[in-house]
Amino acid sequence: MSWVRICEIFKAASPEATTGPRLGETVTIKGWVRTVRESKADGGLCFVALSDGTCFDPIQVVCKAAGPEALANFAEVAKLTTGCSVEVDGTLVASQGKGQAVEILAVGSKGGAVRIIGQVDNPDTYPVSNKRHTFEYLREVAHLRVRTNTFGAVARVRHTLSMAMHRFYDQRGFFYVHTPIITASDCEGAGQMFKVSTLDMLKPPRNEQGGIDHSHDFFGKEAHLTVSGQLNVETYCQALSRVYTFGPTFRAENSNTSRHLAEFWMIEPEIAFADLRDDANLAEEFIKFLIQTLLDERSDDMKFFDERIEKGLIDRLKDVVAKPFRHLPYTEGVRILKEAQSKGDAKFEFGVDWGKDLQSEHERYLTEKHFKQPVVLMNYPKQIKAFYMRMNPPGTDNAPGDTVAAMDVLVPGVGEIIGGSQREERLDVLDARLAEMGLNKADYWWYRDLRRYGTTPHAGFGLGFERMMMFATGMQNVRDVIPFPRAPKQAEF
RNA sequence: UCCCCGAUAGCUCAAUGGUAGAGCGACCGGCUGUUAACCGGUAGGUUCUAGGUUCGAGUCCUAGUCGGGGAGCCA
């Protein structure tokens, strides 16, 4: 008797299927009990909804107390509760009831067709009992929440998105580069970093100034967890042409929002001999590919999100794939926002001025109200962007000040999902920017080398994987789209 | 980090400063090829923690812890 996954059974039941278990075939399935219902009909029946996590729907196992298929342990099986693990030998049959096309009829008592593997200690206090639970509560039982409909679907979608991402880049000749998690370069710029050290925190070695002497530390200097793989991946880009990195990223910011994590995953492609336009096109093509793959390959889970998490989700996503993204300069975005404000179409808490960073409310107005679709904002004022972004020629977009070739992709419901730019490939301009921002040239020696030895125009972006998850599923809290969220005061599991 | 809100049964929530309640879940029984099942019953409480006010505190006050929403930082 062969052990099959429940998804194979459902797949084989579709009219066009040519492989997989057929009606009348006897198979073994293994999984966890979702619900048990008992009936006195036909001399005693019970229905066990069994899930092995391979697809959204559980399969119904029918057990009989009387007749040729009677189970010797029927009474025990009928007492199973949510969460118990079992193995079932049974025959695949067309269902006599409504609600499912096929089901498993547990075979007769001789072989012990339903083998109970793991009981649930105390059903009264089982944390994910068969009832509705809030996401807030389920976060407190993150080790068990994946057994629920929602988190099972999230886990499968997360996997499918990861695989789709690798496929997308592989098909286009990108190489996957494993950039380091630990960095001692201390020149990544963005945000507060987590320290990595093996020094005794109670009595660390001191230098002459009384500070901590990191020359005695593991790496001989101060080290941190990475906040971005970009600077490293740029080096590989300048030899392999098209590369990407995908890995965890760490920010020690005390951020308490539904969109921020201390540990999150980021996809960062980098392309050589390319400009900002190429970068924006790649970003758009990438997002559309991910969504199309989900709609094609995870239709059961997506149907659930559409019905229970965000009504109209699937239509919204199909629309995202069908229409070109709206591209516009930051300068134009500011003009639209100012006009909306003066005409009374929008009320903003914060003022809009060229040269200032856009607030969340501004970004959301553009993507959710004004254009009602993903928006790519390009060419930001240089003073609000990082040193490595390429200086635009004066007069770009008729802007009232200097701009850099940066772009953000904004999507409805989430806001900023991608941040990217064309990189400054001219050493003299890069050095001027470093000086302007008070950064020490020497710290960036290897990054500057890329501009000394065969520099190329190149560009890249970072896509927040969890934000993509939120956009694709309609889930509203970033802590619910990663298995074990890391946030301030939150690292239990 | 800032602003606002919250913490009571396994879960979701009620309860004028005066005996601690419901729904769901669990358990027992009834009914049914059942499927968010339905009907009846039973059990289940250090009201987040530490102080304080009061004859009396789930309720009022102070501090703390944790959680949620929004903001900033960003992905």
Side-chain angles (χ1 to χ4, degrees), chain A residues 34-49 57-64 78-79 81-83 93-100 103 105 120-141 144 148-149 189-192 227-230 248-268 283 308 349-350 357-361 363-364 384-386 408-411 414-420 461-471 476-479 481-482 487-490 492:
Chain A
R34 282 295 178 80
T35 61
V36 180
R37 292 176 295 277
E38 214 185 332
S39 169
K40 292 287 191 297
D42 286 1
L45 293 170
C46 76
F47 303 92
V48 180
D57 287 313
I59 196 162
Q60 174 159 284
V61 176
V62 182
C63 304
K64 299 200 169 185
K79 288 276 171 293
T81 57
T82 304
V93 296
S95 179
Q96 293 173 37
K98 294 180 180 120
Q100 60 280 316
E103 62 193 17
L105 175 61
V120 164
D121 272 355
N122 180 0
D124 189 33
T125 56
Y126 180 56
V128 286
S129 60
N130 183 33
K131 76 176 286 293
R132 289 206 181 137
H133 296 285
T134 60
F135 292 151
E136 291 82 7
Y137 166 71
L138 288 169
R139 266 171 231 151
E140 295 168 12
V141 287
L144 298 172
T148 64
N149 283 336
Q192 285 292 311
V227 294
S228 163
Q230 181 201 318
T249 308
F250 307 87
R251 305 275 166 95
E253 302 284 351
N254 192 8
S255 292
N256 292 291
T257 82
S258 55
R259 307 186 307 285
H260 290 85
L261 290 167
E263 177 182 287
F264 65 98
W265 288 65
M266 191 153 63
I267 302 145
E268 296 173 285
R308 297 297 180 89
E349 187 184 342
F350 297 94
D357 217 347
L358 298 183
Q359 305 289 319
S360 287
E361 57 175 348
E363 295 180 343
R364 293 178 87 102
I384 57 172
K385 289 294 182 183
D408 282 356
V409 179
L410 315 174
V411 297
V414 177
E416 184 179 345
I417 197 169
I418 280 180
F461 63 79
L463 174 121
F465 191 60
E466 284 73 26
R467 291 196 180 169
M468 185 65 211
M469 283 289 299
M470 293 168 77
F471 183 56
Q476 295 197 335
N477 194 309
V478 72
R479 291 171 179 147
V481 295
I482 189 169
K489 304 277 156 55
Q490 195 165 27
E492 176 68 23

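- Residue A:N130 places none of its side-chain N or O atoms closer than 4.0 Å to OP1 or OP2 of B:C11.
- Within the nucleic acid shown, A:G97 comes within 4.0 Å of at least one base atom, counting heavy atoms only.
- The CD atom of A:E466 sits 10.5 Å away from atom CE of A:M266, with the distance rounded to the nearest 0.5 Å.
- B:A57 and B:G52 have their P atoms separated by 12 Å, with the value rounded to a whole Å.
- The A:P123 side chain lies nearest to B:A26 when the options are B:G10, B:C28, B:A26.
- At a threshold of 4.0 angstrom between heavy atoms, the contacts of A:E38 include nucleobase atoms, whether or not backbone atoms are also involved.
- The C1' atoms of B:A63 and B:G21 are separated by 31 Å, rounded to the nearest whole Å.
- Note on A:R37: every side-chain N or O is 4.0 Å or more away from OP1 and OP2 of B:A36.
- For the pair A:E103 and A:E349, nearest-nucleotide mapping onto RNA chain B gives the more 5' position to A:E103.
- In terms of phosphate contacts, A:R259 brings a side-chain nitrogen or oxygen within less than 4.0 Å of OP1 or OP2 of B:A71.
- Within the 4.0 angstrom heavy-atom criterion, base atoms lie near A:V62.
- For the pair A:S129 and B:C11, the criterion of a side-chain N or O lying under 4.0 Å from OP1 or OP2 is not met.
- Here the separation of B:U47 from B:G10, taken at their P atoms, is 12 Å to the nearest Å.
- Across all their heavy atoms, A:F264 and A:R251 have their closest contact at CE2-CG, 3.7 Å.
- Counting non-hydrogen atoms under 4.0 angstrom, A:S258 reaches the backbone sugars and phosphates but no base.
- Considering CZ of A:F47 and CD of A:Q100, their distance stands at 8.5 Å, rounded to 0.5 Å.
- When the C1' atom is compared between B:A75 and B:G6, the two are found 29 Å apart, to the nearest whole Å.
- One finds the CD atom of A:E136 at 9.0 Å from the CG atom of A:L138 (value rounded to the nearest 0.5 Å).
- As rounded to the nearest Å, B:A15 and B:U8 have P atoms that lie 14 Å from one another.
- Phosphate contact (OP1/OP2 of B:C74, side-chain N/O of A:T257, threshold under 4.0 Å): absent.
- When the P atom is compared between B:A20 and B:G58, the two are found 8 Å apart, to the nearest whole Å.
- At a cut-off of 3.5 angstrom, counting only N and O atoms as typed in the model, there is no donor on one side facing an acceptor on the other between the side-chain of A:N122 and the base of B:G10.
- Within the nucleic acid shown, A:Q60 comes within 4.0 Å of at least one base atom, counting heavy atoms only.
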For RNA chain B, what string of dots and brackets results from 5' to 3' when Watson-Crick and G-U pairs need both distances under 3.5 Å, crossing pairs get [ ], and pairs with another strand get |? (((((((..((((....[..)))).(((((.......))))).....(((((..]....))))))))))))....
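- Taking CD from A:Q192 and CG from A:N254, the interatomic distance works out to 10.0 Å, rounded to the nearest 0.5 Å.
- Here, B:C4 and B:G40 have their P atoms 46 Å apart, quoted to the whole Å.
- Between the side chain of A:E136 and the base of B:U12 there is no donor-acceptor pair of N/O atoms closer than 3.5 Å.
- Residue-level contact check: A:K489 touches the backbone only, with heavy atoms under 4.0 Å from sugar-phosphate atoms and none from bases.
- At a threshold of 4.0 angstrom between heavy atoms, the contacts of A:G462 are confined to the sugar-phosphate backbone, with no base atom among them.
- Counting non-hydrogen atoms under 4.0 angstrom, A:I417 reaches the backbone sugars and phosphates but no base.
- Using a 4.0 Å heavy-atom distance criterion, A:T134 is classed as a sugar-phosphate-only contact.
- If you take atom P in B:A7 and the same atom in B:C39, they sit 30 Å apart, rounded to whole Å.
- Residue A:R479 has a polar side-chain atom (N or O) positioned under 4.0 Å from OP1 or OP2 of B:G68.
- Judged by distance alone, with hydrogens and angles left aside, the side-chain atoms of A:R364 form no donor-acceptor pair with the main-chain N or O of A:G415 at under 3.5 Å.
- Heavy atoms of A:Y137 sit under 4.0 angstrom from primed sugar atoms or phosphate atoms, though from no base atom.
- Atom CD in A:Q490 sits about 6 Å away from atom P in B:G68, given to the nearest Å.
- For a distance-only test at 3.5 Å, the side chain of A:K131 qualifies as a donor-acceptor partner of the base of B:C11.
- The aromatic ring of A:F47 is not stacked on the base of B:G33, since the criterion of ring centres less than 5.5 Å apart with planes inclined by under 30° is not met.
- A side chain to side chain donor-acceptor pair (under 3.5 Å) with A:R34 is found for exactly one of A:T82, A:N149, A:N130, A:D57, namely A:N149.
- With A:S258 as the partner, the side-chain contact (heavy atoms from CB on, under 4.5 Å) test is satisfied by one option alone out of A:V414, A:V478, A:N477: A:N477.
- The two residues A:G420 and A:D408 make their nearest non-hydrogen contact at N-OD1, 4.3 Å.
- Nucleotides of RNA chain B nearest to A:D42 and A:A262 differ in position, and the one nearer the 5' end is that of A:D42.
- In this structure, A:H133 NE2 and A:R139 CZ are separated by 14.5 Å, a value rounded to the nearest 0.5 Å.
- Residue A:Q100 is classed as a base contact, given a heavy-atom separation below 4.0 Å to a base.
- Counting non-hydrogen atoms under 4.0 angstrom, A:E492 reaches nothing in the nucleic acid.
- Residue A:S360 places at least one side-chain N or O under 4.0 Å from the OP1 or OP2 atom of B:G72.
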